[in-house]
Amino acid sequence: MKYSIPRYWRSRRNLYRLEAVKCRSCSKINYPPSTTCRYCGSRDVELFEVNGLAKLITWTAVYSEPEGFEVFKPIVVGVVEFPECGVRVLARITDVDLNELREGLVLEPILRKISEDGEAGIIRYSLAFRPKMKE
Amino acid sequence: MSSPELSVGVIGWGSYIPMYRLLVSEIARIWGFPPETPKNLGMEEKAVAGIDEDSVTMGYEAALNALRRAEVSPRDIGAVWVGSESKPYAVKPSASIIAEALGITPSTMAADLEFACRAASEALRISIGAVASGLVKYALVIGSDTAQAEPGDVLEFTASSGAAAFVIGSADNAAAVFEASYTYVTDTPDFWRRDGALYPLHTEAFTGEPAYFSHIVGAVKGLFEKTGLRPSDFDYAVFHQPNAVFPLRVAAKIGVEREKVLPGLVVSKIGNTYNASALTGFSRILDIARPGQRVLLAPFGSGAGSDAYSIIVTDKVLERRKKAPTVDDYIARRKVIDYASYAKYRSLIAKLPR
């Protein structure tokens, strides 16, 4: 077992749900969440869950993968933005061919398996993004 | 007639089917089956979970869709029950991961149930009791499987991946109301997987008659005797779908017309999603049914048992079906892959420990 379990456990809510904080003073969204607003310095912040559709800003394909990520490569990693609240996150892009990637691609957050600590260790789950499905 | 079922219903329903498809003709080509073999099962293609998917991630998305339709706060969910025979962890609940990801924790019950393909259906019956008694306001029931089949086994033509989920709550706010339910269980060794074994084994001659057919017929007859309902009282019938032939054959034994089974029969396009099999068929019915229509639902699980439900659709179904992708939306989202990709995605390739 090579993964730090406490680290995964502490971050699980940030990995499973996009928890940010909203400043009650200046109304700005802070992501990652913080106890002090990084825009105005106020400590009056409340939990804000980021939801909805996002847009692809930029991306890359990773072929030199860290340990535990071997079967997932090429790993597409992108910066995505939620237009409504302006939050940008770095995340795995999945269910997509490299030639389908383009700026502005509409994405939706879904839970996926991100890496595995060998055959017997912990499985890490996190939100990832996939092209919005047609309804 | 006053039964606990009458006060309980489906508040929201949700599906998930992974996008990858393996044509059964590809399986026949690789393993040297005659082309008739998959054709005789009524199969065309099956859904394959991607490399980063498992029964937790699929169950999560189905549950998310069910919550979107139910429009209830995750905090009001008092139980999360996951039926699966393909848990990512042998020991460590899938239910707690999904509950955490959906914001349902910590004030909730959560457990994984195992009864081959009908564990999630057992969870449905348990949830009826839990809601009717007032123990919980809402229960979240999830069936999710990445079904295993040994490469080259005839099971490989059907064993697939998918999930279905239901928010169960008071009948007052339900899109479909339970009318009655009945369960029929015996010790029948038709299909099993021992602890630590990679793939299940099955008793070829047992699969049909003493297992699938007699248990579903037993459950449905029990339901009919309990309620006085007859096949003609139902608008739709959904049975467990191990292939596209058995559900039609069991319908004929019960006296239900083929036309009532076909709308919920999704196996030929997505395969047998095990715990999500009959429940995905039922979800499709909720996607298309008119208020007032009555549905016969009978999942089956090896080992063996079946539950029969009579369910009446309400007018709330119309508005709620628009709030999440339908089963047909997921069936339409498809990308055909080759056997090699399937083998990688489903870990059929033996690799040295990393």
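Below, read A as the first sequence line, B as the second, and so on, with proteins coming before strands; counting in each chain starts at 1. Keep in mind the model is a prediction, meaning the values are calculated, not measured.
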Query raised in the report: Which of residues 75-102 of chain A have a heavy atom under 4.5 Å from any heavy atom of chain B?
Result: A:Arg92, A:Thr94, A:Asp95, A:Asp97
Query raised in the report: Who in residues 51-63 of chain A is close to chain B, using a strict under-4.5 Å heavy-atom cut-off?
Result: none
Reported [atom1]-to-[atom2] distance for the pair [X] and [Y], which is rounded to 0.5 angstrom:
X: B:Tyr16; Y: A:Ile110; atom1: OH; atom2: CD1; result: 6.5 Å
X: B:Asp52; Y: A:Ser115; atom1: CG; atom2: OG; result: 11.5 Å
X: B:Asp329; Y: A:Met133; atom1: CG; atom2: CE; result: 5.0 Å

Report task. Give the intermediate values and the outcome of side-chain contact (heavy atoms from CB on, under 4.5 Å) for residues A:Tyr16 and B:Leu102. Result -> CA-CA 8 Å; A:Tyr16 298 171; B:Leu102 292 170; over 6 Å; no
Query raised in the report: Tell me, side chain or backbone of A:Leu127 under 4.5 Å from chain B's heavy atoms, or both, or neither?
Result: side chain
Report task. Measure the shortest side-chain to side-chain distance between A:Tyr125 and B:Asp54 over non-hydrogen atoms and say whether it is less than 4.5 angstrom. Result -> yes
Residue part contacting chain A, namely of [X], when any heavy atom lies under 4.5 Å:
X: B:Ile98; answer: neither
X: B:Ala324; answer: backbone
X: B:Tyr345; answer: neither

Query raised in the report: Any salt bridge between B:Glu100 and A:Arg12, counting N to O under 4.0 Å?
Result: yes
Heavy atoms only: give me the nearest [X]-[Y] pair and the separation to one decimal.
X: B:Tyr89; Y: A:Ile122; result: OH-CG1, 3.3 Å
X: B:Ile51; Y: A:Val71; result: CG1-O, 3.6 Å
X: A:Lys73; Y: B:Lys344; result: O-NZ, 4.0 Å

Query raised in the report: Using a heavy-atom distance cut-off of less than 4.5 Å, which residues of residues 58-88 of chain B contact chain A?
Result: B:Tyr60, B:Glu61, B:Pro88
Requested in this report: Go through the steps to decide whether B:Glu53 and A:Arg112 satisfy the test side-chain contact (heavy atoms from CB on, under 4.5 Å), and finish with yes or no.
Outcome: CA-CA 6 Å; B:Glu53 297 188 275; A:Arg112 287 297 166 96; 3.3 Å; yes
Report summary line: Residue pairs passing the side-chain hydrogen bond (donor to acceptor under 3.5 Å, both in side chains) test with at least one member in residues 25-45 of chain A, sequence neighbours excluded, are A:Arg24-A:Asp44
